[in-house]
2 protein chains.
Amino acid sequence: MSSQSIPQPEELFTITGVTAEFDVTARTLRHYEEIGLISPLRRGSQRLYTARDRVRIRLILRGRRLGFALGEIHEMLDLYDADPTEVTQLREVIQRGDDKLQELYTQVAELQEVITELVELRARMKIRLDAITAEGEPL
Amino acid sequence: MSSQSIPQPEELFTITGVTAEFDVTARTLRHYEEIGLISPLRRGSQRLYTARDRVRIRLILRGRRLGFALGEIHEMLDLYDADPTEVTQLREVIQRGDDKLQELYTQVAELQEVITELVELRARMKIRLDAITAEGEPL
DNA sequence: AATCCCCTTTACGTAAACGGAAAATGTCTG
DNA sequence: CAGACATTTTCCGTTTACGTAAAGGGGATT
């Protein structure tokens, strides 16, 4: 049974291709590489981004939009990369994932509080606006 | 009809009181003041934090936990502070609030995607763990 | 008066996350 | 093969959000 992934004639992107795909600068991609978030292939000195690299870049950018630091994103990517042989390690990875999940649940809850407050604020302002416009412009 | 808030003998906190309440450093509070997020009273040169200040500090810290920059938090606090007399301004504030709300909805959606992925990852790991432990420990 | 303790301002330092320019090298295209 | 354009490394600059002395004011206590 060989479910080995056959090395497809993979689609390799050059750095400008990736900057175009994700609307980031080359500097940013090199920075992510410097801190070990991605590790594109090399053809000579040139970077070549595989599908895997681009998946990770997508995850990184989404993490950034959500306000996570690159260090945190690194930790989360490590969860995906983890391929532990020992049971102890496996348990630990699961635990780390659970911890991160707990943070995320908290974050969603807090975000929803903010949303609720903003919605209420909006309602109060709308009432004021309606009051004012009803007075001044009788239609 | 006077629903004016009577100036209660307000509870004023000193800076160390506030640092204790919120577990932040004094430097942080002074920094928030420097960039105009709060403006505590003064008794001589000493800062005195009113209930209003502390409400704002609470909001600021929650914003930070959610990954918002202090600049963004400033904008959101401005929404609360806004007391526009002109209809045009009022409309604009409502619009800014709606824009921010839209961002928040997007953010919640993305967070939930991350959560889903992590949950799935966890399930896969759990299966592996169960497989390994079932083999080694026949109990 | 000396010693605490809390508070203040001023000012330089730092970590994170890149930005941007320089100079060298690589690659494609006519 | 020349010229244009892409990429590379190197390195210093910038912004954000504070940290961290340094130097001192002003009460309360001993």
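Convention: sequence-line order gives letters A, B, ...; per-chain numbering from 1.
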Q: Within less than 4.0 Å of OP1 or OP2 of C:dA17, is there a side-chain N or O belonging to A:Tyr32?
A: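 No.
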Q: What is the distance, to the nearest angstrom, from the CD atom on A:Glu72 to the P atom on C:dA16?
A: 13 Å
Q: Taking only N and O in the side chain of B:Arg47, is any of them less than 4.0 Å away from OP1 or OP2 of C:dC7?
A: no
Q: Under a 3.5 Å cutoff, is there a donor and acceptor pairing between the side chains of A:Gln95 and A:Asp99?
A: yes
Q: Output side-chain donor-acceptor pairs under 3.5 Å for residues 27-35 of chain B, partner residues at least two apart or in another chain, one line each.
A:
{"residue": "B:Thr28", "atom": "OG1", "partner": "B:Thr25", "partner atom": "OG1", "Å": "2.9"}
{"residue": "B:Glu33", "atom": "OE1", "partner": "B:Arg47", "partner atom": "NE", "Å": "2.5"}
{"residue": "B:Glu33", "atom": "OE2", "partner": "B:Arg42", "partner atom": "NH2", "Å": "2.9"}

Q: C:dA17 phosphate, OP1 or OP2: any side-chain N/O from A:Arg27 under 4.0 angstrom?
A: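 For A:Arg27, the contact criterion (side-chain N or O under 4.0 Å from OP1 or OP2 of C:dA17) is not met.
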Q: Could you tell me the separation between the CZ atom of A:Phe68 and the P atom of C:dA16, rounded to a whole number of Å?
A: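 Taking CZ of A:Phe68 and P of C:dA16, I get 18 Å after rounding.
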Q: Provide the start and end nucleotides, 5' to 3', of the part of DNA chain D that has atoms under 4.0 Å from heavy atoms of chain B.
A: D:dA17 to D:dT20
Q: Between the two ends of the helix from C:dA1-D:dT30 to C:dG30-D:dC1, what is the bend in degrees, rounded to 10 degrees, where each end axis spans five pairs?
A: 10°
Q: Does C:dC7 have OP1 or OP2 under 4.0 Å away from a side-chain N or O of B:Thr16?
A: yes
Q: Nearest-Å distance, NE2 (B:His31) to P (C:dT9)?
A: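 These atoms are roughly 15 Å apart.
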Q: Are more than 12 heavy atoms, taken from residues, nucleotides or ligands other than B:Arg128, located less than 6.0 Å from that residue's CZ atom?
A: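 Atom CZ in B:Arg128 is packed in, count exceeds 12.
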Q: Check the distance between C:dA16's P and A:Ile73's CD1 and give it to me in whole angstrom.
A: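 Atom CD1 in A:Ile73 sits about 14 Å away from atom P in C:dA16.
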